[in-house]
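Note sheet for the following structure.
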Amino acid sequence: MQHHYHHRSQSHLSAGVPTTPGGETQLASEAKLGKKRGSYNCGRCGLPKKGHSCHVAITTAAIESTPTHADSSVAISATSSLSTTRPPPLRQHCSNLRRALSFDDDVEDVRGGFPEPEAAYDEEDLQFDDPFPDPDSGGFPPGCLWEILRRLPPVGLLAAARVCKGWRETARKLWRAAEELRLRVPARAQVGFVGSVLQKCPGLVRLSLRMESDVDATMLACIAFSCPNLEFMEILKSDTAMNRITGDELGRFVADKRCLRSLKMEGCSNLGGFVLCSSSLSTLWLSDLFSLSKTVFNCPNLKEISLEFSRQQNDSTNLTSMVDGLGRYCPRLQNIHIASLQLSHSVVLALTGAQLRWLRMLSLVLGSEITDASVAAIASSYPNLELLDLSGSSISDSGIGMICNVFPETLSRLLLALCPNITSSGIQFVTAQLPLLELMDCGMTICDPNSENPLPGESNDWELKNISKTKLHLIHQKLIIKHNRLKKLSLWGCSGLDALYLNCPELNDLNLNSCKNLHPERLLLQCGNLESVHASGCQELLIEAIESQVSNDLLGMENVLPCKRLADGSKRVQVPHFLSAQSYDDDKKQRVKRQRCNVLVR
């Protein structure tokens, strides 16, 4: 790509070089590439300047005349041919050296961050009809060059800036106009290289860093200095990287960035404690938290918070006081997600005592001490919940009954994975009593006590230990679900399930991973919109039964042509759509051919 831009530049620079009668281009001016002063040869005829008086006149007709569309196309194609026939330059810039900073391949956000040019260009202008193209832009009209370069990934834009002066200026304007950027920082990168890229984008609003090297307060200072208008920041890290940012450093960063609205950060194990004060912050995601000694959230406009704690039993964080502080100083909270082994009924009582009237989504995950009493407290304080996630809790079918009694008109997403006290009867009751339900996760609820860990990637030792301590259900359970709005159903790891009957016309995603005891002859799928069925770890006969049922549904959907008797009334034939289009529209018999369902076994 760099060679292409370099050839483009060389062809543009050679546009004014005259040719001899034999058609050979005079390249004597490029023989000495090491000099840094002006050319020793005449720019008109190519002869040495010493004692030379040139009588060759510069032709300006091509500049003064207005070419037609065909002429301009010819000129562009001639320039292209020059770029392909010219030999590569002898001197190469050091652009292929190892870069300390590389970019992700996925740069949708980068491309979308470049706005349109200030001047509006019609469709004709983008067809190279500009009679006076900028000589520094390689023959392209300025608006066209903008449109081309704004679609390049950052690494391509950096290379394009080395082509010529016009391209460098356009690239500089693009960097300055960028509002969103995603960067992948490799392990050997230094903060200075990240800062050099960020300084190109003074108007940056959204920034996402994927760190493969360690991140510390120096990186935060670099971001704060280079991005004064930053509103959304995300810092992700690889497994080998370490986040060394402390709570005090994070608190200072949030306090200084008065425009910051969203902060998402991974690997926050070294925070220790923090005080976050911001009147603009509305979204906060922190993961890998551990043993927080002090947590203060003074964010009156905070609407969404996600706190993921490390799964260690010796975590000393006082979740009760933390949740109490959230209720006091963040009254506008709408979405709360907390994942911790330390979640208990007292934490739920602190949350319900906060009386967050805007709360719509509540997720309390991995709290084995959350019981039916906790469900009663949640239901009495927050009757307008749209999402409830109590995965990993100890609630039973009684708690499910309370959920169904309180949220029949609001709840659309219910997640109860890793809840060993729930039976198939409770799941059926949920689908019968919640008509607005669109997503339900019941993974690892109906388990066979004799089966091994079905999904090592989705459950850990603590989860299995928790399940073994509680009362395990009897195997050979059947599940019958009939629902008109359910779109996603997850039954992963339900090894105690041996019969499944689904009548869900809107269901498009079904997860049956590791349902080892589900019998093929006891499976019935009446789901016309199924797009994906996950069947990893299932029996071969079950996989074949799934494929057979979804393919039969597809054939039934495709065979929708109307039938018509022949003139003598002897036989029915299928009428093509173009012969009976009017009757299809009137009777609403025409159906759209749906996408083939994918059965995923890996």
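Below, each value reflects all heavy atoms present in this structure, side chains not excepted, and no hydrogens, waters or symmetry copies. Note that this is a predicted model, so its numbers are computed, not measured.
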Point to revise | Worked verdict on S340 versus L319 for side chain to side chain contact (heavy atoms under 4.5 Å, CB included) | key: CA-CA 9 Å; S340 173; L319 293 181; 3.6 Å; yes
Check your understanding: When you look at E249 and T246, which way does the side chain to side chain donor-acceptor pair (under 3.5 Å) test go after all the steps?
Key -> CA-CA 5 Å; E249 296 164 349; T246 63; 3.3 Å; yes
Practice item. Given salt bridge (Lys or Arg N to Asp or Glu O under 4.0 Å), test R485 with E438 step by step and report yes or no. Key: CA-CA 6 Å; R485 299 191 62 173; E438 296 182 359; 3.4 Å; yes
Exercise for review: Mind running side chain to side chain contact (heavy atoms under 4.5 Å, CB included) on I305 and L302 for me, showing each step along the way?
Suggested key: CA-CA 8 Å; I305 187 170; L302 191 65; 4.2 Å; yes
Exercise for review: Apply salt bridge (Lys or Arg N to Asp or Glu O under 4.0 Å) to the pair E147 and R151, showing each step before the final yes or no.
Suggested key: CA-CA 7 Å; E147 290 297 325; R151 287 166 170 79; 2.8 Å; yes
Exercise for review: Check the pair M242 / N270 against side chain to side chain contact (heavy atoms under 4.5 Å, CB included), numbers first and verdict last.
Suggested key: CA-CA 9 Å; M242 180 175 293; N270 293 319; 4.2 Å; yes
Exercise for review: Kindly determine whether I338 and V365 satisfy side chain to side chain contact (heavy atoms under 4.5 Å, CB included), including the steps that lead there.
Suggested key: CA-CA 6 Å; I338 301 176; V365 181; over 6 Å; no
Review point. Would R328 and D324 count as a salt bridge (Lys or Arg N to Asp or Glu O under 4.0 Å) if you check the C-alpha gap in whole Å, the side-chain angles of each, and the deciding distance to 0.1 Å?
Key: CA-CA 6 Å; R328 290 175 181 271; D324 183 70; 2.9 Å; yes
Practice item. Check the pair N421, S396 against side chain to side chain donor-acceptor pair (under 3.5 Å), reporting the backbone distance first and the verdict last. Key: CA-CA 5 Å; N421 294 331; S396 63; over 6 Å; no
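Proximity of L230 to I223: side-chain heavy atoms (C-beta onward) are separated by under 4.5 Å at one or more points. You'll find the side chain of L250 reaches within 4.5 Å of the side chain of L263, heavy atoms only. Proximity of F225 to Q199: side-chain heavy atoms (C-beta onward) are separated by under 4.5 Å at one or more points. By the 4.5 Å heavy-atom criterion applied to side chains, L276 and L284 are counted as neighbours. Residues D509 and V533 have side chains not in contact (no heavy-atom distance under 4.5 Å, counting atoms from C-beta outward). Contact check for K303 versus N335: no side-chain heavy atoms found under the 4.5 Å cut-off. Inter-residue side-chain proximity for S536 and L600 is flagged as unmet; no heavy-atom pair is nearer than 4.5 Å. Proximity of L183 to R210: side-chain heavy atoms (C-beta onward) are nowhere separated by under 4.5 Å.
When atom types are taken as modelled, the side chain of S532 and the backbone of N598 share no donor-acceptor pair closer than 3.5 angstrom. Under a 3.5 Å cut-off, the side chain of K257 and the backbone N or O of C227 do form a donor-acceptor pair. Side-chain atoms of N298 do not come within 3.5 Å of backbone N or O of Y329 as any donor-acceptor pair. A donor-acceptor contact shorter than 3.5 Å links the side chain of S380 to the backbone of A377. Remark: the backbone N or O of L260 is paired with a side-chain donor or acceptor of S280 at under 3.5 angstrom. Checked by atom type and distance alone, the side chain of D288 pairs as donor or acceptor with a backbone atom of G267 at under 3.5 Å. Using modelled atom types, one side-chain atom of N301 and one backbone atom of S279 make a donor-acceptor pair closer than 3.5 Å. In this structure, the side chain of S394 does not engage the main chain of T371 through any donor-acceptor pair within 3.5 Å. Checking side-chain atoms of D315 against main-chain N and O of T317 turns up a donor-acceptor pair under 3.5 Å. At distances below 3.5 Å, not a single donor-acceptor pair connects side-chain atoms of T431 with backbone N or O atoms of H483.
Put simply, CG on L390 and CD1 on I378 are 5.5 Å apart, with the number rounded to the nearest 0.5 Å. Taken from CD in Q334 to CE in M361, the straight-line distance is 9.0 Å, to the nearest 0.5 Å. Atoms CZ and CG, on R244 and D216 in that order, are 7.5 Å from each other to the nearest 0.5 Å. Once rounded to the nearest 0.5 Å, the distance linking CG of L387 with CG of L411 reads 7.5 Å. A distance of 13.0 Å separates CD of E409 from CD of E386, quoted to the nearest 0.5 Å. Remark: L333 CG to R360 CZ distance equals 12.5 Å, nearest 0.5 Å.
For S391 against C419, the heavy-atom pair with the smallest separation is CA-SG, 4.2 Å. Shown here for G195 and C222, the closest heavy-atom pair between the two residues is CA-SG, 3.3 Å. For the pair L434 and C404, the tightest heavy-atom approach, listed with the atom from each and the gap, is CD2-CA, 4.0 Å. Residues V375 and G399 approach most closely at CG1-O, 3.6 Å, considering heavy atoms. When all heavy atoms of P202 and P228 are compared, the closest pair comes out as O-CD, 3.8 Å. For L209 against L207, the heavy-atom pair with the smallest separation is CD2-CD1, 3.9 Å.
Taking 4.0 Å as the cut-off between side-chain N and carboxylate O, K487 and E506 do not count as a salt-bridged pair.
Under the side chain to side chain contact (heavy atoms under 4.5 Å, CB included) rule, M440 has a single partner from L415, I481, V430, which is V430. Under the salt bridge (charged side-chain N to carboxylate O under 4.0 Å, His left out) test applied with E212, the options R184, K237, R188 reduce to a single match, R184.
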Atom pairs and distances, side-chain donor-acceptor, residues 347-359, under 3.5 Å, sequence neighbours left out:
from	atom 1	to	atom 2	distance (Å)
T352	OG1	V348	O	3.1
T352	OG1	L349	O	2.9
Q355	NE2	T352	O	3.1

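With hydrogens and angles left out, the side-chain atoms of H337 and E308 include a donor and acceptor closer than 3.5 Å. There is a side-chain donor-acceptor pair under 3.5 Å between S374 and H345. Residues T423 and D397 bring a donor and an acceptor atom of their side chains to less than 3.5 Å of each other.
Within the structure, every pair that satisfies the ring-ring contact (aromatic ring centres under 6.0 Å, His included) test and touches residues 273-299, not counting sequence neighbours, is listed here: F274-F297.
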